[in-house]
Amino acid sequence: MSANRPAAVVVLAAGEGTRMKSTTPKVLHAICGRSLVGHVVAASRELDPEHLVVVVGHAREQVREHLAAIDPAARTAVQHEQKGTGHAVRTALEELTGDGTTLDGTVVVVCGDTPLLTGETLRKLSGTHAADGNAVTVLSAEVPDATGYGRIVRDEATGAVTAIVEHKDATEAQRAVREINSGVFAFDARLLAEALGKVRTDNSQGEEYLTDVLGILRADGHRVGAAVAGDHREILGINNRVQLAEARRLLNARLLERAMLAGVTVVDPASTWVDVSVTFGQDATVLPGTQLLGATHVGEGAEVGPHSRLSDTRVGAGASVSFTVADGAEVGPQASVGPYAYLRPGTVLGLKAKAGTYVEMKNAQIGEGTKVPHLSYVGDATIGEYTNIGAASVFVNYDGEAKHHTTVGSHCKTGSDNMFVAPVTIGDGAYTAAGSVITKDVPPGSLAVARGQQRNIEGWVARKRPGSAAAQAASSARQDGEPGQGAGRDSEGER
């Protein structure tokens with residue numbers, strides 16, 4: 001167990017977030033594949049706290065349900081009325097002490113709308129708090145423009161924090177200070193509980209302010225300190241959609257930088273978007289206009305893009321995926337996908353397999369070396385090794401009520417414009433003729449021909465479309481003696 005392991009982390013997530021102008025609670029808005037509160041909870045978990053409590057209020061059932069899905073061990077405390085940050089923290093402590101929990105050590109308080117906050121910064125805060133022996137340590141940041149923020153005022157001799165002064169109350173000298181309050185704190189648990197009982201509500205909002213605890217503890221002779229965040233952008237809170245987009249851009253840039261430093265080529269970071277759960281193998285390449293979402297993995301030496309969107313998809317080593325949408329698919333090593341392919345859930349491409357241009361696949365297992373080159377739909381099917389599916393083929397898997405399965409063996413060659421009406425099986429080494437509608441099983445090594453015999457009705461155009469351009473062209477062709485017009489041939493097509 002870490003010496004700086006907090007007794008608890010309290011996440012403040014009770015606000016409505018009216019400026020988001022959304023029916024979705026603010027903390028449930030997502031960036032890079034994770035909700036705002038999800039990012040904060042993940043960073044908090046890096047501290048390995050004994051307890052993690054999320055204070056909920058607005059739309060609490062939605063937030064609770066979300067938390068149960070992403071972190072079942074997290075506890076929630078309900079702030080029925082939003083009476084300030086101090087009241088919210090007091091609500092969290094009462095949730096813990098209500099079942100007999102005794103908090104001894106550090107309590108870290110974070111905001112549920114700061115998705116850029118990292119576990120590394122929280123560890124620094126907790127470490128500084130312990131090393132300096134503070135009663136409370138505020139996470140601060142030095143910003144280029146501090147307008148509107150509460151300023152950190154320090155004792156010049158000791159560096160201790162003497163006050164947090166809101167911008168509207170600051171003197172000219174204090175407004176020149178660029179170190180601001182982030183709203184993230186580390187407290188001594190026992191002293192926090194005592195001080196919260198002394199917080200007053202005689203302010204313009206009639207609320208209990210958590211920042212008042214700092215003055216109370218300092219007045220009681222306790223030390224108040226600060227830890228400065230390495231990157232001021234980490235403390236950015238989200239209040240509207242503009243700030244949401246900016247946080248998404250910053251987090252995306254951070255994720256891509258991490259990938260590139262680990263050996264991934266990202267040709268155009270400005271047009272590439274990834275989720276926090278995406279992973280890469282060394283020497284993977286991501287081309288412009290690509291989105292990688294969910295639990296997607298791009299294997300060693302694989303290339304994805306341009307203009308592809310992969311969600312919960314695994315791309316094997318050395319594979320190539322271009323101009324493709326894939327969801328819940330698996331692309332085997334050295335396989336080829338696209339351009340303009342659509343891989344739906346349950347699709348698995350084997351080693352060196354191919355899903356080519358304008359190919360859609362769903363719940364299909366494609367064997368090693370098998371190719372579906374173009375213009376085809378393969379649904380609910382198993383295809384063996386080294387088989388070639390002809391262009392414009394359709395696996396007819398739905399009868400209007402139920403889905404049915406098609407099996408195509410290994411080393412098969414199926415013709416263009418085939419319809420495989422499931423359930424049906426094509427044996428190993430079998431061939432099917434172009435234009436066939438296959439409704440019956442084809443034995444191994446057989447050729448299946450399922451199409452009507454061609455017959456030519458000569459003179460039809462002249463009789464049915466007299467005077468048309470087609471009739472005139474046919475007449476000219478007969479006069480010129482062009483082949484294929486019926487002249488000089490018998491019924492077997494021989495002269």
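Heavy-atom basis, side chains included; hydrogens, waters and symmetry copies ignored.
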Could you walk me through whether Thr121 and Glu234 pass side chain to side chain donor-acceptor pair (under 3.5 Å), step by step?
CA-CA 9 Å; Thr121 294; Glu234 281 194 36; 2.7 Å; yes

For the atom pair [atom1] ([X]) and [atom2] ([Y]), what is the distance rounded to the nearest 0.5 Å?
{"X": "Lys26", "Y": "Thr18", "atom1": "NZ", "atom2": "OG1", "value": "8.5 Å"}
{"X": "Arg254", "Y": "Arg233", "atom1": "CZ", "atom2": "CZ", "value": "8.0 Å"}
{"X": "Glu246", "Y": "Ile31", "atom1": "CD", "atom2": "CD1", "value": "10.5 Å"}
{"X": "Glu360", "Y": "Phe395", "atom1": "CD", "atom2": "CZ", "value": "13.0 Å"}
{"X": "His51", "Y": "Glu95", "atom1": "NE2", "atom2": "CD", "value": "11.0 Å"}
{"X": "Thr324", "Y": "Tyr342", "atom1": "OG1", "atom2": "OH", "value": "12.0 Å"}

Grab the two heavy atoms, one from [X] and one from [Y], that are nearest each other, plus how far apart they are.
{"X": "Ala226", "Y": "Thr128", "answer": "O-CG2, 4.1 Å"}
{"X": "Asn397", "Y": "Gly379", "answer": "CB-O, 3.6 Å"}
{"X": "Pro25", "Y": "Ala59", "answer": "CG-CB, 3.4 Å"}
{"X": "Gly237", "Y": "Thr114", "answer": "CA-CG2, 4.1 Å"}
{"X": "Phe185", "Y": "Thr211", "answer": "CZ-CG2, 4.1 Å"}
{"X": "Arg151", "Y": "Ile180", "answer": "CD-CG2, 4.4 Å"}

Any side-chain heavy atom of [X] sitting closer than 4.5 Å to one from [Y]?
{"X": "Val337", "Y": "Leu349", "answer": "yes"}
{"X": "Arg241", "Y": "His29", "answer": "yes"}
{"X": "Leu292", "Y": "Thr290", "answer": "yes"}
{"X": "His297", "Y": "Val278", "answer": "no"}
{"X": "His66", "Y": "Ile70", "answer": "yes"}
{"X": "Gln62", "Y": "Leu28", "answer": "yes"}
{"X": "Glu166", "Y": "Tyr149", "answer": "no"}
{"X": "Arg123", "Y": "Leu47", "answer": "yes"}

Between Asp275 and Arg34, does a salt bridge (Lys or Arg N to Asp or Glu O under 4.0 Å) hold up when you go through it step by step?
CA-CA 8 Å; Asp275 281 353; Arg34 187 179 283 164; over 6 Å; no

Other residues, nucleotides, ligands: >12 heavy atoms within 6.0 Å of [X] [atom1]:
{"X": "Lys352", "atom1": "NZ", "value": "no"}
{"X": "Glu142", "atom1": "CD", "value": "yes"}
{"X": "Arg19", "atom1": "CZ", "value": "no"}

Side chain to side chain donor-acceptor pair (under 3.5 Å), that's the test. Do Gln79 and His87 meet it? Break it down for me.
CA-CA 8 Å; Gln79 188 183 21; His87 177 258; 2.9 Å; yes

Quick one: does any side-chain atom of [X] pair with a main-chain N or O of [Y] as donor and acceptor, under 3.5 Å?
{"X": "Asp312", "Y": "Ala295", "answer": "yes"}
{"X": "Ser44", "Y": "Ala42", "answer": "no"}
{"X": "Ser322", "Y": "Pro306", "answer": "no"}
{"X": "Asn181", "Y": "Ile164", "answer": "no"}
{"X": "Glu194", "Y": "Ala189", "answer": "no"}
{"X": "Thr313", "Y": "Thr296", "answer": "no"}

Using the test salt bridge (Lys or Arg N to Asp or Glu O under 4.0 Å), find all partners of Arg258 that sit at least two apart in sequence or belong to another chain.
none

Answer yes when Glu61 and Arg64 have at least one side-chain N-carboxylate O distance shorter than 4.0 Å, and no when they do not.
yes

Do the side chains of Arg154 and Glu179 get close enough for a salt bridge, i.e. N-O under 4.0 angstrom?
yes

Pair His374 and Tyr358, ring centroids less than 6.0 Å apart:
no

Checking Asp220 against Lys198 for the salt bridge (Lys or Arg N to Asp or Glu O under 4.0 Å) test, could you report, in this order, the C-alpha distance in whole Å, the side-chain angles of both residues, the deciding distance, and whether it holds?
CA-CA 12 Å; Asp220 288 344; Lys198 301 177 183 179; 3.2 Å; yes

Assess the residue pair Arg90 and Glu94 against the criterion (salt bridge (Lys or Arg N to Asp or Glu O under 4.0 Å)); give the C-alpha distance rounded to whole Å, side-chain angles, the decisive distance to 0.1 Å, and a yes or no.
CA-CA 6 Å; Arg90 185 155 58 83; Glu94 289 171 353; 3.4 Å; yes

Let me have the donor-acceptor pairs involving side chains of residues 100-111, under 3.5 Å, with sequence neighbours excluded, atom names and distances please.
{"unit_1": "Thr101", "atom_1": "OG1", "unit_2": "Leu96", "atom_2": "O", "d": "3.2"}
{"unit_1": "Thr101", "atom_1": "OG1", "unit_2": "Asp99", "atom_2": "OD1", "d": "2.8"}

Please evaluate residues Asp327 and Arg344 with respect to the criterion salt bridge (Lys or Arg N to Asp or Glu O under 4.0 Å), reporting the C-alpha separation (whole Å), side-chain torsions for both, the decisive distance (0.1 Å), and the verdict.
CA-CA 5 Å; Asp327 181 13; Arg344 293 164 58 188; over 6 Å; no

